[in-house]
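Worksheet: the structure to be examined is printed underneath.
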Amino acid sequence: MAGSPTARRRRLSIELKKLREENALTCAQVGQALDWSGSKVNRMETGSGRVQPSDIDALCRFYETSDELREFLKSLAREAKTRGWWQVHGAGVPEWFNIYIGLEQDASVLRQYQCEVLPGLMQTTPYARELHTTGAYMSAEDIDRAVRVRLERQEMLTRPDAPEAWFIVNEGAVRSVIGDREVMREQLERVLESAALPSVTLQVLPFDSGTHPVTGSFTMLGFPAPEDPDLVYRDGITDAVYLEGEHHVREYTRAFDGLRAAALSPQRSVQLIKSVVKEYAK
């Protein structure tokens, strides 16, 4: 079973929706049978509302599930209420990003394309601080919290069960100066260190690689349990989009494969980054 509260909440939503669909019922029909509103059933299935163990009892009696399934779903509901380590940082981590971190922590496969900045899982403190300082307004305290969370997230790449991570970065992200040249030199050296990890593959998409079927950065997450479908994550300044349908995942997989084919090989990507490091060291 997935470990983070976010992943448990997502798994619970998936299981509840599957039960309803197996019984060929609508949310309104289930709600009417249990003297609930149809919107309450919908919130349970989309993860937008808390699910109490008593709700699980009522649903499982109605669906006539096994005792084992009922207890499993109740345990998911209880554990979904716990707080992840990243949620103690308050406004330093917006709610829409809290969701992503919880899912990221449980991913077994990570595919990411970055077109403007270097991956958060590879960022140094000065680089990350500069991005937060020039982004949406945050207090100095919240910036400290946001940077701390970003650095703690990076530990997942060195865990014994680290996800299989594949990063593609646009050459513009490698050459754009964030902060100053010294910040960039240290940042690119960190990227090279991360790229050397056994679970990490890094490619640079060069300026002369032609056109691509994407219009911005995105991340694809895969999970070890077959019951937890892959998803696509895209964020902005104030919100994020989570895409879970098969069509979305298929098209973004196709786009990532296209980027991977157009990008430099991992070896040539490292050579390019090393050449830029030398330029910043002058």
Side-chain angles (χ1 to χ4, degrees), residues 2 4 7 97 100-124 127-128 150-176 187-207 209-226 228-235 240-244 246-274 276:
S4 77
F97 195 59
Y100 172 77
I101 297 177
L103 295 170
E104 179 187 70
Q105 293 296 300
D106 284 293
S108 57
V109 177
L110 185 152
R111 301 282 185 268
Q112 186 175 93
Y113 170 61
Q114 286 287 354
C115 60
E116 294 183 344
V117 299
L118 295 166
L121 292 177
M122 298 181 176
Q123 291 176 10
T124 62
Y127 186 94
R150 182 156 298 185
L151 297 181
E152 289 183 37
R153 285 171 51 213
Q154 296 174 3
E155 296 177 6
M156 66 184 290
L157 294 181
T158 56
R159 296 185 323 218
D161 62 341
E164 177 191 328
W166 197 306
F167 299 94
I168 300 175
V169 296
N170 193 286
E171 185 175 349
V174 174
R175 295 189 180 277
S176 294
Q187 174 57 69
L188 292 178
E189 288 176 344
R190 171 67 64 80
V191 170
L192 292 172
E193 292 173 4
S194 298
L197 293 171
S199 62
V200 173
T201 300
L202 174 69
Q203 292 181 268
V204 174
L205 186 71
F207 287 138
S209 58
T211 57
H212 315 289
V214 291
T215 57
S217 303
F218 65 92
T219 301
M220 300 177 61
L221 298 177
F223 304 91
D228 298 331
D230 295 354
L231 64 82
V232 178
Y233 169 81
R234 299 188 67 159
D235 63 12
V241 176
Y242 296 84
L243 305 171
E244 299 184 89
E246 290 184 9
H247 169 71
H248 297 299
V249 173
R250 181 176 64 252
E251 290 305 312
Y252 275 89
T253 297
R254 182 178 301 169
F256 191 86
D257 288 343
L259 291 167
R260 185 162 51 184
L264 300 176
S265 69
Q267 294 77 17
R268 291 182 62 196
S269 296
V270 166
Q271 291 172 2
L272 184 148
I273 294 173
K274 286 182 176 179
V276 178

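Quick note: numbers below take in every heavy atom, side chains included, and nothing from hydrogens, waters or symmetry partners. Numbering starts at 1 and runs along the sequence shown.
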Side chains of Glu155 and Gln105: closer than 4.5 Å at any heavy-atom pair? no
Set of residues satisfying ring pair (Phe, Tyr, Trp, His ring centres under 6.0 Å) with respect to Tyr252, sequence neighbours excluded: Phe218
Below 4.5 Å, heavy atoms only, C-beta onward: do Met220 and Leu110 meet side chain to side chain? no
For Ser269, check side-chain hydrogen bond (donor to acceptor under 3.5 Å, both in side chains) against everything at least two apart and list the hits. none
Sorted by chain and residue number, the side-chain hydrogen bond (donor to acceptor under 3.5 Å, both in side chains) partners of Gln271 (sequence neighbours excluded) come out as none
All heavy atoms of Pro206 vs all of Ala263, minimum pair found to be CD-CA, 4.1 Å
Worked check of side-chain contact (heavy atoms from CB on, under 4.5 Å) between Gln114 and Ile168: CA-CA 6 Å; Gln114 286 287 354; Ile168 300 175; over 6 Å; no
Residues that Tyr127 engages under side-chain hydrogen bond (donor to acceptor under 3.5 Å, both in side chains), provided they are two or more places apart: none
How far does NE2 of His248 sit from CG of Asp230, to the nearest 0.5 angstrom? 13.5 Å
Output all residues satisfying side-chain contact (heavy atoms from CB on, under 4.5 Å) with Glu251, sequence neighbours left out; order by chain, then residue number. His247, Arg254
With under 30° as parallel and over 60° as perpendicular, where do the rings of Trp166 and Phe256 fit, or are they tilted in between? perpendicular
Contacts of Glu244 meeting salt bridge (Lys or Arg N to Asp or Glu O under 4.0 Å) (sequence neighbours excluded), chain-then-number -> Arg10
Answer yes or no: is there a donor N or O on one side and an acceptor on the other, between the side chain of Gln112 and the main chain of Phe167, under 3.5 Å? no
Residue pairs fulfilling salt bridge (charged side-chain N to carboxylate O under 4.0 Å, His left out) with at least one residue in residues 107-123, sequence neighbours excluded: Arg111-Glu164
Quick check: closest heavy atoms across Gln154 and Leu121, and the distance to 0.1 Å? CG-O, 3.2 Å
Would you find a donor on one side and an acceptor on the other, under 3.5 Å apart, between the side chain of Ser199 and the backbone of Ala162? no
Distance (rounded to the nearest 0.5 Å) between Leu231 CG and Tyr242 OH: 8.5 Å
With distance as the sole test, does Gln203 use its side chain to make a donor-acceptor pair with the main-chain N or O of Arg260 at under 3.5 Å? yes
Could you tell me the separation between the CG atom of Asp106 and the CG atom of Asp161, rounded to the nearest 0.5 Å? 9.5 Å
Contact summary for Leu243 and Val241, nearest pair of heavy atoms: CD2-CG1, 3.5 Å
If you compare all heavy atoms of Ser108 against all heavy atoms of Pro224, which two are closest, and at what distance to 0.1 Å? OG-N, 3.3 Å
State, yes or no, whether a side-chain contact exists between Val204 and Ile273 at a heavy-atom distance under 4.5 Å. yes
Rounded distance [0.5 Å steps], OG1 in Thr124 versus CD in Glu193: 10.5 Å
In Å, rounded to the nearest 0.5 Å, how long is the span from CG of Leu188 to CE of Met122? 11.5 Å
Under the salt bridge (Lys or Arg N to Asp or Glu O under 4.0 Å) test, residues paired with Arg268 that sit two or more places apart: none
For residues Val174 and Val169, report the shortest heavy-atom separation together with the two atoms involved. CG2-CG2, 4.1 Å
Sorted by chain and number, sequence neighbours left out, side-chain hydrogen bond (donor to acceptor under 3.5 Å, both in side chains) with Ser209 holds for His212
With the side chain counted from C-beta on, respond yes when Asn170 and Phe207 share a heavy-atom pair under 4.5 Å apart, and no when they do not. yes
Under the ring pair (Phe, Tyr, Trp, His ring centres under 6.0 Å) test, which residues partner Phe223, sequence neighbours left out? none
List the atom of Leu118, the atom of Gln123, and the distance in Å for their closest heavy-atom pair. O-NE2, 2.8 Å
Report yes if some heavy atom in the side chain of Val109 is under 4.5 Å from a heavy atom in the side chain of Leu221; otherwise report no. no
Under the salt bridge (Lys or Arg N to Asp or Glu O under 4.0 Å) rule, collect the residues that match up with Arg175, sequence neighbours excluded. Glu171, Glu279
Looking at residues at least two apart in the chain, or sitting in another chain, which of them share a side-chain contact (heavy atoms from CB on, under 4.5 Å) with Ala195? Leu202
